[in-house]
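To start, the structure itself, in structure tokens.
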Amino acid sequence: MSSDPLDMAGLEDGIAHFEPKPGGLAARAAAGAAAPYLKGLNPEQRAAVETTDGPLLVLAGAGTGKTRVLTTRLAHLLHTAKAWPGQILAVTFTNKAAREMKDRIGQLIGGVVEGMTWLGTFHSIGVKILRRHAELAGLKSDFSILDTDDQIRLLKQIIAAHGLDEKRWPARQLAGHIDGWKNRGLTPDKVPAGEAAAYGNGKGGEIYAEYQQRLKILNAADFGDLLLESLRMFQENPDVLAEYQRRFKYMLVDEYQDTNVVQYLWLRLLAQQSQNICCVGDDDQSIYGWRGAEVDNILRFEKDFPGAKVIRLEQNYRSTPHILGAASGLIANNEGRLGKTLRTEINDGEKLTLRGHWDGDEEARAIGDDLEGLQRHGKNLNDTAILVRASFQMRAFEDRFITLGLPYRVIGGPRFYERQEIRDAMAYFKVLMSPDNDLAFERIINVPKRGIGDTSVKKMHAHARRNQTSLFRAAQMLAETDEFTPKTRKSLSDLLMSFSRWRQMETGMPHTELAEIILDESGYTQMWQNNKSADAEGRLENLKELVRSMQEFENMAGFLEHVSLVMDTDTQESDDKVNLMTLHSAKGLEFDTVFLPGWEEGLFPHQRSLDENGRAGLEEERRLAYVGITRAKQQAYISFAQNRRIHNQWQTALPSRFIDELPEAHVDTDPMSTSYGGYSIGGFGESGSRFEDLSPFSNTYATPGWQRAKERKQRGEMMRSTPHIIEGELVARDTAETTAFEKGERIFHQKFGYGIITGIDGNKLSIAFEKAGDKRVLDSFVTRA
DNA sequence: CTGGAGGATCTTTTT
DNA sequence: GATCCTCCAG
């Protein structure tokens, strides 16, 4: 999403801003003289830029100048006057990518590009289209966008209304299913019966349908809807579709390997007319299968678009030959790739360094030492990064860096707009702008505490439903009656009056000032000021920051729209700091020195990935490893620990199978690497495997996790990716999940000691403990005495 | 209705 | 270890 506030206001394409002059650059390019922006491109890159018409797939390996090609291509289209800015659709996955593209086009053609209305993320473009035609999707044009949190809260209400046990059927799980369905383009009526039945005793489909209805009533859309609904709108309204097909003369898609089914269908529909679609991607960097991305989309591009050209970018400008060699050797273990061979012209450089450690803390110490060493040698910390598989790994590093006083930054960590205080404040603003936003109103009706508890809110809900109106209006009505206790009634009318007061002030003052007034008068600021906990101060600071960031927007509405789509705040830090992030968020970045810790079976490849998706899961993990290594320009350090604390419990792990897959020629084992467990690492045994002693499972698919996954498959218990099997089995297993215990049995509980079972409800046991008295406990916490 | 205590659950990745 | 949730006393 663009950070240009004008965009938010829904400004029209702004074609007038861009007027190539006859005889100018356009004519020059047409006449064959090489335009300046083409200089320095290699032949493949140049072909990718100049092949403007017809379907084109650019397979861009890591570090091959993908962004450069994309932006140059855009500039080329503009310069040769093939299209106005408003006639080009350019989609990316992240806001960052969109922003970067916009900036770089600006640099290429000099000055800021105006009118690139359709450059943005899938989601932001989806919203833009959906708002224009909201009524065709059963919404009003000012519909609100739910984030995951709202989504789950709403689902909880519906689930409870269906009388399902929240414990057994977590809303989170259903939210995951619904997201998955939406990613695959499945509206409630299209979900395969078996899948819909797998949740909530067969009620999954029903609840999904009801959820969709509720969204319409709330005048809201969730993330998945932004695309699914705009796709459906196109499918059901050929005239509108035709308008957009005509409008988009050229289409550009970044990170094509990450598109899911909806995105794919959406793109294909829009490209049908012009056929001028250029998709750029790298099948080896597809790492978002878990959220619905289909590598298949890239693998079958040529089938989908007959006559498509394919251009491979294989000249790498980033890494040393050792880094490329190691990465290529690793990824060669994957089947089902399109295949690329990366070349580099760099011919020196060090091998990758491999190290083993006793535990995660030692690993963090070693990397901390390395970083200090690099710093002493005048290296910039900004050019270094630690890439972890799972975010819990970050803690060890943060702890270590704090003790060392080594500056670091976490990229992609907990997001600013997801913090509680920010979401609360936003809810106030949302209610101000649209009082019918029930979810927002419910969020703040009793925050800070004003004596309006669950019972009162329930009454309002009931009243709202009876009168087919919103919660806010129901509250207004009930505040006039004797429905509530005097105290409750008083504070409710106070709140409602505050809102009408604020709404009146809205026109008379800057929105930032109003925001401050709201936070003060509502008592929200006070609430945190009174709070004694350690983070209260930080929260107040965040609230200030929130108001500050509103300044960049013309009005409150523009700001709210921005926030629902752009969940990150890009504070451009200039300080010199080590970068700490997950492998996923590292895609697209590069660093001189990269540390890749935690290469252990079970963690990387992640056990869950193997369990749930078997071989496909393993290959995605391997691509993740490939992404990790190829982030490095000069040096990569891979390490593993024998012991790691997970869940506050020590676990022993074997070195990752990926380590064995790295070609020896490109890897050095650190001589300082401590020997451990009685084995010395670093010696190359006769058989060639450096970790033969440690890793008895040199056969790639013989490790414990894989074996488990395979056994499960044979037993037919799999798995999310093979939905047809789910039907009877899972449902049967879950509903039949009564406990193996019987009434009257004597049991033992870790905390409460011995007791007798007095009652059973599903997997919950009522137990009379000898010492601790009567308790209700889950059966998994007790054993037979 | 509020607040505290204690139990349960969880940590893969995100627009 | 942290956070969410439920239950219970005031």
Side-chain angles (χ1 to χ4, degrees), chain A residues 1 91-98 120-127 145-149 152 156 166-167 170-173 176 179 182-183 222-227 255 258-260 262-263 286-293 387-395 399 412-415 417-418 420 446 448-457 484-485 487-488 491 535 564-568 581-587 598 602-613 617 620-621 623-624 627-628 645-649 749-752 763-764 772 774-781:
Chain A
M1 193 65 198
V91 270
T92 64
F93 271 83
T94 62
N95 299 296
K96 207 171 88 188
T121 63
F122 274 104
H123 296 270
S124 65
I125 290 172
V127 186
I145 301 167
L146 301 198
D147 58 30
T148 333
D149 209 69
I152 286 178
K156 269 186 188 156
E166 253 278 356
K167 277 270 146 58
R172 196 167 257 318
Q173 189 190 335
D179 265 355
K182 289 187 174 174
N183 285 154
D222 67 15
F223 260 96
D225 283 341
L226 298 182
L227 280 159
E255 307 279 14
D258 288 334
T259 49
N260 61 33
V262 194
Q263 289 160 340
S286 163
I287 54 176
Y288 284 110
W290 52 275
R291 70 171 211 221
L387 312 182
V388 297
R389 175 65 183 84
S391 41
F392 78 87
Q393 292 171 262
M394 291 189 190
R395 174 180 297 255
D399 285 352
R415 284 145 200 278
Y417 290 117
E418 279 170 10
Q420 184 193 341
N446 201 27
K449 296 268 188 296
R450 37 175 84 90
I452 306 171
D454 277 354
T455 22
S456 307
V457 175
F484 303 123
T485 61
K487 222 179 102 199
T488 307
S491 51
D535 52 359
S564 41
L565 290 170
V566 184
M567 292 302 278
D568 60 347
M581 69 193 93
T582 64
L583 286 160
H584 282 89
S585 41
K587 194 165 74 157
L603 178 58
F604 193 32
H606 200 282
Q607 192 59 53
R608 225 169 117 173
S609 203
L610 302 179
D611 286 351
E612 286 173 6
N613 291 305
E620 181 155 313
E621 294 286 303
R623 290 194 290 269
L624 203 46
V627 168
R645 202 169 47 199
I646 297 174
H647 270 237
N648 220 13
Q649 270 186 340
H749 186 277
Q750 277 288 337
K751 209 162 193 170
F752 303 130
N763 56 353
K764 292 193 204 78
D774 289 342
K775 302 263 180 206
R776 268 160 70 84
V777 186
L778 278 189
D779 63 352
S780 51
F781 281 78

Checklist outcome for this item: When rounded to whole Å, the CG to P distance for the pair A/D147 and B/dT14 reads 16 Å
Checklist entry - B/dT15 P sits how many Å from A/I125 CD1, rounded? => result 16 Å
Item to check | Contacts of type side chain to side chain contact (heavy atoms under 4.5 Å, CB included), residue A/D225, not counting sequence neighbours | outcome: A/K182, A/Q212, A/L215, A/A221, A/D222, A/E229
Check: protein-nucleotides 3-5 of chain B nitrogen or oxygen pairs below 3.5 Å:
none

Next on the checklist: If you compare every side-chain N and O of A/R389 against the phosphate oxygens of B/dT12 (OP1, OP2), does one of them come in below 4.0 Å?
Outcome noted: no
Next on the checklist: Donor-acceptor check, side chain of A/E620 to backbone of A/G617, threshold 3.5 angstrom: yes or no?
Outcome noted: no
Checklist outcome for this item: Ranking B/dT2, B/dT12, B/dT14 by distance to the side chain of A/N446, first place goes to B/dT2
Checklist entry - Taking CG from A/D454 and P from C/dT6, how many angstroms apart are they, rounded to a whole number? => result 10 Å
Checklist entry - Does the pair A/L227 and A/Q263 meet the rule for a side chain to side chain contact (heavy atoms under 4.5 Å, CB included), with working shown? => result CA-CA 7 Å; A/L227 280 159; A/Q263 289 160 340; 3.7 Å; yes
Checklist entry - Base, sugar-phosphate, or nothing: which does A/H123 touch, judged by heavy atoms less than 4.0 Å apart? => result base
Next on the checklist: Rounded to whole Å, please give me the gap between CZ in A/R608 and P in B/dT13.
Outcome noted: 9 Å
Checklist entry - What orientation do A/Y288 and A/H584 show, parallel under 30°, tilted 30 to 60°, or perpendicular over 60°? => result tilted
Checklist entry - Can you find a side chain N or O atom of A/K96 that sits less than 4.0 Å from OP1 or OP2 on B/dT15? => result no
Item to check | Value rounded to 0.5 Å, distance of CD1 in A/I152 from CG in A/L146 | outcome: 11.5 Å
Checklist entry - What integer distance in Å separates A/D222:CG from B/dT14:P? => result 19 Å
Checklist entry - Given that A/Y288 and A/G453 both sit by DNA chain B, which one's nearest nucleotide is further toward the 5' end? => result A/G453
Checklist entry - Can you find a donor-acceptor N/O pair under 3.5 angstrom joining the side chain of A/W290 to the base of B/dT12? => result no
Item to check | Nearest-Å distance for atom pair CZ/P, residues A/R395 and C/dA2 | outcome: 6 Å
Item to check | side chain to side chain contact (heavy atoms under 4.5 Å, CB included) assessment of A/F122 paired with A/V262 | outcome: CA-CA 10 Å; A/F122 274 104; A/V262 194; over 6 Å; no
Item to check | Of the listed nucleotides B/dT12, B/dT13, B/dT15, the one nearest the side chain of A/T121 | outcome: B/dT15
Checklist entry - Can A/F223 be called stacked on B/dT15 when the rule is centres closer than 5.5 Å and an angle between planes below 30°? => result yes
Checklist entry - Has A/T582 got a side-chain N or O lying under 4.0 Å from the OP1 or OP2 atom of B/dT14? => result yes
Taking only nitrogen or oxygen atoms into account, show me every contact under 3.5 Å that the protein makes with nucleotides 8-10 of chain C, one pair per line with its distance.
none

Item to check | Donor-acceptor contact below 3.5 Å, side chain A/E621 vs main chain A/H606 | outcome: yes
Next on the checklist: Quick check for you: to the nearest 0.5 Å, what is the distance between A/K487 atom NZ and A/R450 atom CZ?
Outcome noted: 13.5 Å
Checklist entry - So how far is it from A/I145 CD1 to A/H123 NE2, rounded to the nearest 0.5 Å? => result 10.5 Å
Checklist entry - DNA chain B: A/R291 or A/S456, which has the more 5' nearest nucleotide? => result A/S456
Checklist entry - For A/K587, which contact category applies under a 4.0 Å heavy-atom criterion: base, sugar-phosphate, or nothing? => result nothing
Checklist entry - Are A/N260 and B/dT15 close enough that a side-chain N or O sits under 4.0 Å from OP1 or OP2? => result no
Checklist outcome for this item: From CD1 of A/I287 across to P of B/dT15 the rounded distance in Å is 12 Å
Next on the checklist: How many whole angstroms separate atom CD of A/Q420 from atom C1' of C/dA2?
Outcome noted: 14 Å
Next on the checklist: Please check this pair: side chain of A/T92 against backbone of A/A97, looking for a donor-acceptor N/O pair closer than 3.5 Å.
Outcome noted: no
Checklist entry - Going by 5.5 Å between centroids and 30° between planes, is there a stack of A/H606 over B/dT12? => result yes
Checklist outcome for this item: Exactly one of A/V627, A/V388, A/L624 clears side-chain contact (heavy atoms from CB on, under 4.5 Å) with A/L583, and that residue is A/L624
